[in-house]
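Everything on this sheet refers to the single structure shown next.
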Protein chains: 2
Amino acid sequence: MAATIKLFIVDDHHMVIEGIYSLLQQETQLEWMGHATNADSCLAFLRVRQPDILFMDISLGETSGIDLCKTVKELYPAVFIIGLSTFNQQSFIKKMMEHGASGYVLKNATRQELLQAIETVRLGQTYLSLEAAQSISNQQSEGVPLLTRREKEVLEQIAEGLTNQEIAEKLFISSTTVDTHRKNLLAKFKARNVAALIMIATRMQVI
Amino acid sequence: MAATIKLFIVDDHHMVIEGIYSLLQQETQLEWMGHATNADSCLAFLRVRQPDILFMDISLGETSGIDLCKTVKELYPAVFIIGLSTFNQQSFIKKMMEHGASGYVLKNATRQELLQAIETVRLGQTYLSLEAAQSISNQQSEGVPLLTRREKEVLEQIAEGLTNQEIAEKLFISSTTVDTHRKNLLAKFKARNVAALIMIATRMQVI
DNA sequence: TCCGGTATCCTGTAAAAACAGGATTTTTGA
DNA sequence: TCAAAAATCCTGTTTTTACAGGATACCGGA
């Protein structure tokens with residue numbers, strides 16, 4: 001690598017901060033600018049200086065990493081963000097990427113993986129750790145049925161626990177119409193009943 | 001402290017291992033015996049040598065830290081175990097304690113907290129990190145309801161889309177019993193119906 | 001030993017969902 | 001503009017769930 005790459009990390013777990021420091025401390029081409037343990041102090045730091053790459057935990061106590069990711073990208077588009085998480089939750093990964101993250105590594109990543117992620121992201125490319133990549137490519141889009149606007153609305157209301165009658169009143173349609181949509185939803189998701197429907201839909205991140 | 005305290009850590013996240021090493025490396029009265037990234041190699045190590053204190057992650061990939069905790073305590077009652085987790089999940093903490101853990105710290109613990117935990121546990125007392133203690137006392141309010149073994153089984157089957165009758169046959173019980181469990185599940189999760197139940201339960205990562 | 005929690009089972013009713021098999025109107029994109 | 005897709009609405013029947021209000025048996029911990 002040519003120039004020094006400036007890094008910053010925001011994570012509410014000291015062990016993780018120390019761990020990532022420790023794993024990368026020998027790399028002379030990397031410069032640690034510091035760390036923050038919450039969204040506010042991270043933003044406060046960024047107002048003064050910006051790193052090239054920002055490691056960001058997905059769950060920052062109260063504030064979600066997703067939100068912070070969005071904010072940072074709006075204010076400082078040049079900062080590349082790499083998500084950090086112990087969860088291999090594809091929904092989180094997806095949302096972070098949608099909000100401008102450039103990459104994603106799990107906290108059980110090795111030194112090699114971290115370096116690879118930094119390299120890749122710095123070039124403006126996307127890095128997904130192996131497990132994360134698997135997780136994304138596996139389920140998603142494969143087998144996710146295409147829902148109409150109305151079907152999605154009805155599905156959300158069902159998930160809220162409303163009955164057909166209640167949904168009908170809420171959406172100003174007949175309960176038999178709701179029933180039809182329900183029927184179509186079950187067919188599209190190949191679900192036997194509403195329990196399986198909600199289960200499958202949440203797994204597919206439709207709701 | 002008088003004698004050297006021997007430590008070992010089992011955690012499947014490199015960052016956490018590096019982090020805890022890093023946080024405690026300056027303490028001369030502490031001796032790191034090493035680390036393991038899974039239950040098997042941890043047990044393999046223990047067959048040869050035993051630490052005074054064993055830091056143990058609650059989620060070790062496939063194997064649960066809960067199980068490992070139990071096994072270790074059966075084989076080596078003299079080893080004090082301190083649970084480690086990013087989750088502030090009261091049920092996990094409780095289970096670990098029930099299975100012989102002497103303490104519990106969250107992964108966002110500071111150096112001081114870790115030292116305090118080690119000190120306390122070494123004396124045979126119980127150490128719960130502040131947040132963990134709060135979490136235990138709070139419990140019900142906004143937390144995940146405590147499910148029994150059977151309720152969890154039934155919940156899983158409901159999520160699969162099985163009817164009461166089918167679940168009954170599968171678990172070799174009466175369908176009215178399944179109905180009772182279902183009733184209790186709805187009450188515990190404060191759900192109006194099965195749709196809301198599955199929604200809430202998945203959100204809480206119970207299923 | 002006794003108590004509380006768990007698990008089991010029951011009867012009965014009302015409500016809701018699931019299933020079958022339609023039809024009509026509205027929207028929309030090639 | 002015209003067909004396809006979407007959204008709307010029926011009438012039924014059957015199955016399942018939700019809810020009410022019980023009872024009994026077992027087991028592990030105080």
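Here is the naming used below: chain letters follow the sequence lines, and residue numbers restart at 1 for every chain.
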Does N164(B) have a side-chain nitrogen or oxygen under 4.0 Å from the phosphate oxygens OP1 or OP2 of dT16(D)? no
Is any side-chain nitrogen or oxygen of T176(B) closer than 4.0 Å to OP1 or OP2 of dT8(C)? no
Give the rounded distance in Å between these two atoms: [atom1] of [X] and [atom2] of [N].
X       : N       : atom1 : atom2 : result
I167(B) : dT8(C)  : CD1   : P     : 13 Å
L162(A) : dT17(D) : CG    : C1'   : 17 Å
R182(B) : dT17(D) : CZ    : C1'   : 6 Å
L186(B) : dT16(D) : CG    : C1'   : 13 Å
Q157(A) : dA16(C) : CD    : P     : 16 Å
E169(B) : dT16(D) : CD    : P     : 10 Å
N184(A) : dA5(D)  : CG    : P     : 14 Å
D179(A) : dA16(C) : CG    : C1'   : 10 Å

Pairing donors with acceptors under 3.5 angstrom, does anything connect the side chains of E169(A) and Q165(A)? yes
So does K70(A) have more than 12 non-hydrogen atoms from other groups sitting under 6.0 Å from NZ? no
Nearest 0.5 Å please: distance from the [atom1] atom of [X] over to the [atom2] atom of [Y].
X       : Y       : atom1 : atom2 : result
M199(A) : N193(A) : CE    : CG    : 12.5 Å
E27(B)  : L7(B)   : CD    : CG    : 10.0 Å
Y76(B)  : I81(B)  : OH    : CD1   : 11.5 Å

Would you mind telling me which of dA18(D), dG21(D), dC9(D) lies closest to the side-chain atoms of K183(B)? dG21(D)
For nucleotides 4-7 of chain C, tabulate all protein N/O to nucleotide N/O atom pairs closer than 3.5 Å, reporting atom names and distance.
| residue | atom | partner | partner atom | Å |
| --- | --- | --- | --- | --- |
| dA7(C) | OP1 | R150(B) | N | 3.2 |
| dA7(C) | OP2 | T148(B) | OG1 | 2.3 |

Does the plane of the ring in W32(B) sit parallel, tilted or perpendicular to the ring in Y21(B)? Use 30° and 60° as the thresholds. perpendicular
What about T180(A): does its side chain form a donor-acceptor pair under 3.5 Å with the base of dC9(D)? yes
Do S41(B) and N38(B) pass the side-chain hydrogen bond (donor to acceptor under 3.5 Å, both in side chains) test, and can you show the C-alpha distance, the side-chain angles, and the key distance before you say yes or no? CA-CA 6 Å; S41(B) 51; N38(B) 60 65; 3.0 Å; yes
